[in-house]
Amino acid sequence: MNFFFEVLIGGLLSGVMYALVALGFVMIYKASGVFNFAQGAMVYLAALSVVGCMEKGAPLWLAIILAFVIMTLFGIATEKFVLRKLVNQPPIALFMATIGLAFFIEGVAPMIFGSEPRALDLGIVDEPIESIMENWNMVISKFDLVAAGVAAVLVATLALFFQYTRVGRALRAVADDHQAALSIGIPLQHIWAIVWGVAGFVALVAGMMWGARNGVQFALTFTALKALPVLILGGFTSVPGAIVGGLIIGASEKLAEIYIPPVMQDLFGGNFGGIEGWFPYVLALLFLLVRPEGLFGEKHIDRV
Amino acid sequence: MLYREAGQFKTTYAADQQLFPIRQDRIGVLVLLAVAFFGVPLLASEYWFSAILIPFLIFALAALGLNILTGYAGQLSLGSAAFMAVGAYAAYNFQLRVEGIPLLVSFICAGLTAAGVGILFGLPSLRIKGFYLAVATLAAQFFIVWCLTKFPWLSNNSSSGVISTQKLIIFGHELNTPVEKYLLVLSIVVFMALAAKNMVRSTTGRAWMAVRDMDVAASVIGIRLMPTKLLAFAISSFYCGVAGALYAFCYLGSVEPDGFSLEMSFKILFMIIIGGVGSIMGSFLGAAFILLLPIFLDVALPFFAELFGLPFSSATVSHIQITVFGALIMFFLIVEPHGLARLWQIAKEKLRLWPFPH
């Protein structure tokens with residue numbers, strides 16, 4: 001039973017990491033209705049710029065600030081040069097444009113900062129916590145706990161930002177209804193630039209956590225693929241959905257990885273490892289059949 | 001002056017309903033086919049056949065399949081490479097396990113298998129749409145590739161799922177030169193493209209377009225959503241499946257499941273974006289563009305590097321390729337969201353008036 005809980009907690013904690021990436025998706029989708037496939041590439045870009053600035057001799061805090069500046073500028077540029085020109089296009093066109101954007105970043109970022117994998121040291125060690133190990137005989141990584149704490153702080157900050165600041169209120173208004181927001185004088189384009197900046201910030205946090213964990217390398221772009229099932233499970237428009245979805249996906253993925261392959265091996269023979277590539281998707285898919293709008297997504301009513 | 005339908009009167013229903021209603025179009029298509037069937041085999045070198053023309057036709061077919069689903073029926077799919085994989089492995093297994101099955105029959109069976117799998121993964125489209133569906137099709141992409149790697153029966157117990165295809169024998173004649181393979185691929189692609197062109201203007205095609213434009217409205221005017229959407233998935237997967245079988249049998253000769261990656265699905269998606277979403281011809285234009293671009297960049301970049309005296313490493317070249325790719329996708333979406341096919345249409349409009357535009 002201990003082992004079960006250990007896997008469960010490990011899964012929940014890694015789910016937090018998925019949720020970090022999914023948050024960036026939710027931010028942009030909520031505010032501008034764009035399904036931003038480039039979020040994974042943005043995570044890569046953010047992590048690369050931190051590492052790149054540190055290689056040039058900047059201390060960690062300065063590198064983080066510089067990376068934040070880069071991400072913000074990038075967000076503003078994206079809004080100005082891509083999204084603004086695509087206003088009034090169907091959402092599918094915007095989605096495809098973000099796939100193009102992802103490719104663009106994946107090409108440009110390593111050209112500037114170099115493509116070889118590098119380590120990012122945030123000063124947090126990835127080792128089990130001793131007291132838990134002694135008392136309950138479970139291996140829980142310190143790093144995962146810190147990541148969970150960071151995610152909690154991030155979500156709380158975002159929630160406060162959305163709830164109590166002027167910009168946050170404007171963001172929510174835009175998310176609710178573009179035209180109504182425009183008509184009461186909210187500058188849509190500023191808001192979009194801000195949203196991309198915030199998404200860049202979320203990507204920066206995610207990129208640092210993922211980069212510290214797995215090293216800063218091209219594989220960081222695949223974090224987007226990990227976040228997608230989280231999104232459809234939690235609903236595209238819900239911040240709590242991203243967190244809860246992340247936890248569910250993380251936990252079930254790890255549990256499935258432990259418990260399903262042996263069963264399949266008994267049934268068919270052979271080796272059935274590596275199911276974490278598709279399991280979250282199939283899980284999310286089955287879930288969607290029951291609740292098409294996700295856990296916390298808004299129910300959509302079509303008008304003819 | 002040359003391209004004008006004035007004076008071409010339709011006196012029979014058959015004339016009114018033919019596939020290419022304008023005489024100049026008919027002549028153009030015939031000339032194109034003649035060049036493709038007779039001219040190209042005389043002129044092109046072996047490299048052209050095996051490195052450019054055959055993959056071009058195969059990817060055009062796959063793009064056509066995706067275009068039916070995404071462009072006409074409006075269901076965004078990110079799993080086309082997986083359906084190609086199903087086709088490739090199905091064709092291999094039919095050849096392997098059914099005694100004396102003709103090659104073309106095994107291709108058709110491969111397409112049908114892919115269609116079945118397509119219907120299975122199309123089922124969620126009845127409940128969910130838009131981006132949720134796009135993400136759901138990713139499930140197909142990852143799951144199918146995983147299955148092909150992990151179930152050894154599917155690849156006849158070869159290690160890591162690599163299959164080497166059987167000989168291409170048609171009517172007792174073995175095809176082994178690139179020209180013969182090219183002609184086989186070309187015949188299949190032309191036949192299926194014309195079939196698709198015909199299909200999208202039929203009741204089925206119009207129902208697809210109605211569903212694409214607004215599915216609630218479509219169901220209100222009496223289009224049954226379930227069969228329409230599932231049929232789109234089935235036919236699209238059939239096209240992808242046949243393309244996959246050709247990809248394995250006529251192009252590479254030996255494939256592995258990981259070759260049918262997400263990247264390939266994206267490539268096919270880019271083909272239809274750049275070529276033109278909802279256009280048969282666009283699938284061909286897009287496939288040509290996406291396949292030729294890397295070849296062009298491979299040649300052009302070292303040239304530019306020398307011109308400016310910049311040392312480009314091969315890593316940089318591949319990064320520039322990706323960058324240019326991404327930038328072009330965005331550029332096309334901004335400048336011409338309807339793709340190359342739309343440019344061709346504009347050209348036709350201009351041609352109609354030329355040389356007296358007023």
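Residue numbering restarts at 1 for every chain, and letters A, B, ... go by the order of the sequence lines.
- Interface remark: B/Leu269 contributes side-chain atoms only to the contact with chain A (heavy atom separation under 4.5 Å).
- Only the side chain of A/Tyr29 comes within less than 4.5 Å of a heavy atom of chain B; its backbone N, CA, C and O stay farther away.
- With a 4.5 Å cut-off on non-hydrogen atoms, B/Phe332 does not touch chain A at all.
- Judged by distance alone, with hydrogens and angles left aside, the side-chain atoms of B/Thr137 form no donor-acceptor pair with the main-chain N or O of B/Ser77 at under 3.5 Å.
- When heavy atoms are compared at a cutoff of 4.5 Å, A/Leu288 approaches chain B by way of both its backbone and its side chain.
- A distance of 10.5 Å separates OG in A/Ser49 from CE in A/Met42, rounded to the nearest 0.5 Å.
- Neither the backbone nor the side chain of B/Phe331 comes within contact range of chain A, judged by heavy atoms closer than 4.5 Å.
- Contact annotation for A/Phe218: neither backbone nor side-chain heavy atoms come within less than 4.5 Å of a heavy atom of chain B.
- If you measure heavy-atom distances from A/Leu101 to chain B, the contacts under 4.5 Å come from both the backbone and the side chain.
- The OG1 atom of B/Thr228 sits 12.5 Å away from the CE atom of B/Met209 when rounded to the nearest 0.5 Å.
- With a threshold of 4.5 angstrom between heavy atoms, B/Pro124 approaches chain A through its backbone and through its side chain.
- When each of A/Leu94, A/Leu286, A/Ile99, A/Leu231 is scored by its heavy-atom pairs under 4.5 Å with chain B, the top score falls to A/Ile99.
- For A/Phe236 and A/Phe25, the ring centers sit 6.0 Å or farther from each other.
- Taking the six-membered ring for Trp and the full ring otherwise, A/Trp278 and B/Phe143 have centroids separated by under 6.0 Å.
- B/Phe325 and A/Phe104 have their aromatic ring centers separated by at least 6.0 angstrom.
- In this structure, chain B has heavy atoms under 4.5 Å from both the backbone and the side chain of A/Ala97.
- Neither the backbone nor the side chain of B/Leu133 comes within contact range of chain A, judged by heavy atoms closer than 4.5 Å.
- A distance of 6.0 Å or more separates the ring centres of B/Phe296 and B/Phe289.
- Of the listed residues A/Ala284, A/Gly107, A/Pro229, A/Pro110, the one with more heavy-atom pairs under 4.5 angstrom with chain B than any other is A/Gly107.
- Checked by atom type, the side-chain pair B/Gln75/B/Ser125 shows no donor-acceptor distance below 3.5 Å.
- Interface summary for chain A: among B/Leu138, B/Ile329, B/Thr323, B/Leu262, the most heavy-atom pairs under 4.5 angstrom belong to B/Thr323.
- Remark: A/Leu225 CG to A/Tyr281 OH distance equals 4.5 Å, nearest 0.5 Å.
- Of all the listed residues (B/Val324, B/Val335, B/Leu126, B/Val135), the one sharing the greatest number of non-hydrogen pairs under 4.5 Å with chain A is B/Val135.
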